[in-house]
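Notes for the one structure printed next.
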Number of protein chains: 2
Amino acid sequence: MERPAANGSRQSRVISEMRQRIITGAAASGALLSEVALAEEFGVSRTPVREALKQLQTEGLVEIRPRVGTFVAAPSRRDLTELFEMKELLEGAAARLLAQRGRVREVELLEENVHQGDLAVRADDRARYAELVQEFHDLLIVGADNTKLEAHYRTLMNQLAYSRLVHTSLGQPGRALQSEREHHVVLELVLAKDGDSAERVMREHVRASRRALLAGLEPGL
Amino acid sequence: MERPAANGSRQSRVISEMRQRIITGAAASGALLSEVALAEEFGVSRTPVREALKQLQTEGLVEIRPRVGTFVAAPSRRDLTELFEMKELLEGAAARLLAQRGRVREVELLEENVHQGDLAVRADDRARYAELVQEFHDLLIVGADNTKLEAHYRTLMNQLAYSRLVHTSLGQPGRALQSEREHHVVLELVLAKDGDSAERVMREHVRASRRALLAGLEPGL
DNA sequence: GTACGGTCTGTTGCATACATGAAACGAGAG
DNA sequence: CTCTCGTTTCATGTATGCAACAGACCGTAC
């Protein structure tokens, strides 16, 4: 193979590309991921592809049925419930931890985020607000300053394909305004360093967003 | 969307054996895990060994330095703090969820466990009590009836190599008795279906056990 | 003694060939 | 038509060879 050697590990490129494809939905749920097909597509041999799939399996994004094939994971209804339960748990804990840390950089970014959120809601700019919602939750997690928590959280969100779901949730009438109000309360409690309440309210916020999501999803499910 | 399929392939044997070796400490922290050495030892080729190591990496048990080698992960002080933070969080949530479920099978097993624990403490049988402590925490997690929570929890405990640590913790004078008392309270709150309090007390219990552990590890800290 | 540079060894990264099992398929019997 | 069972096909599972890179080692110049 006189291929002008790709710089950097080929496998890592394969992994991130595959992951992105699954999260964004470019690879349909339940679809077969053939090793040879992927290998040809990425211009590498089966070996790095196999290792990438293996990693995606432990991340819960694909299911490997031995001797049969690798398939894009299809979360069941129960999986969704469990994932949201975990989301509630981790984000609640993050709110508490952040509150305990005091006025760190992430808190200031949250203030700016909430400010921008107000503007987006007032302007009824749903796409912009969806972005800000994601940033809000992300800041909370990062601000908790616990790399394990962050890692597990990201794994969960990937399984949820949350970046797609958030739009559905915000599509419910009045949800954006309500969501933004809840963000306000969480931020205030973080600023007041009231970890207990911040955690409680954050959990309620997650439950509310889940309800809105399921309400928007129900027809199709 | 299930966790690692328990098939009978050689690779799964390699993985579980390696994992066990790391968790139990048979493979020293920081030690180099040579692919060829492991392959020869297990009587397989490098390929399944490589894939096993890859999986252990995403579980956080080994660190792969590209083109250099694979090493048994050595948790830093900060890692330990973060891991305990997560332990507190997950076990607390599990207590809450179990309390909400009512009188399920795991609750009955917990009652029996606490009863046995009383006997072990009274008899000053430390080894037996260490077993029971692990079972207690395990029942709690399983009883939460959330497979994601359980999976993440097990990953974390593997990283902590908790099965080794628990003995250190219980070695502190009076810790066993105190621990058993705390188990009692948690169980009572679960029986009373008081999820809020169960979570709170469980968190305190985890923090207390962490303090006992650190005191036993480094008397100076 | 120290700094420098080249070589050398050990390790992983990737490609490829072969082994093996699962599921689809189709011919034939009933 | 339907069921059975052997065959065929196609996917993954594993072994192995070669290449490339990191780091140790050693001789040499100063």
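Keep in mind the model is a prediction, meaning the values are calculated, not measured. The basis for the numbers below is simple: all heavy atoms, side chains too, and nothing from hydrogens, waters or symmetry mates. Just so we're on the same page: letters track the sequence lines, and every chain starts at 1.
Put simply, B:Arg46 has no side-chain N or O that comes within less than 4.0 Å of OP1 or OP2 on D:dT14. Residue A:Ser45 places at least one side-chain N or O closer than 4.0 Å to OP1 or OP2 of C:dA15.
Of all nucleotides listed (D:dA15, C:dT12, D:dA22), D:dA22 comes nearest to the side chain of B:Val68. Closest to the B:Pro48 side chain, of the nucleotides C:dT12, D:dG23, D:dT14, is D:dT14.
Side chains of A:Gln116 and A:Glu112: a donor-acceptor N/O pair is present below 3.5 angstrom, by distance only. A donor-acceptor contact under 3.5 angstrom links the side chains of B:Ser76 and B:Asp79, judged on distance only.
Computed from coordinates, the A:Arg67 CZ to C:dA24 C1' distance equals 17 Å when rounded to whole Å. Distance A:Arg65 CZ to C:dA24 P: 10 Å, rounded to the nearest Å. As a whole-Å value, the separation of B:Ile15 CD1 from D:dG13 P is 12 Å. Rounded to whole Å, atom C1' of D:dT12 lies 11 Å from atom CZ of A:Phe71. Here the P atom of nucleotide C:dT20 and the CD atom of A:Glu35 are 18 Å apart, to the nearest Å. Atoms CZ (B:Arg50) and P (C:dT16) sit 16 Å apart, rounded to a whole Å. The CZ-P distance, from A:Phe42 to C:dG13, rounds to 19 Å in whole Å. When rounded to the nearest whole Å, the span between CD1 of B:Ile64 and P of C:dC14 equals 12 Å.
Other residues, nucleotides and ligands place more than 12 heavy atoms under 6.0 Å from the CZ atom of A:Arg207.
Of the residues A:Arg78, A:His152, A:Glu82, the one that meets the side-chain contact (heavy atoms from CB on, under 4.5 Å) test with B:Lys148 is A:Glu82.
Contacts of A:Leu53 with the nucleic acid, taken as non-hydrogen atoms under 4.0 Å apart, are absent.
The pair B:Arg19-B:Glu59 counts as a salt bridge, with a side-chain nitrogen and a carboxylate oxygen less than 4.0 angstrom apart.
For A:Thr47 against C:dA15, a side-chain-to-base donor-acceptor contact under 3.5 Å is present.
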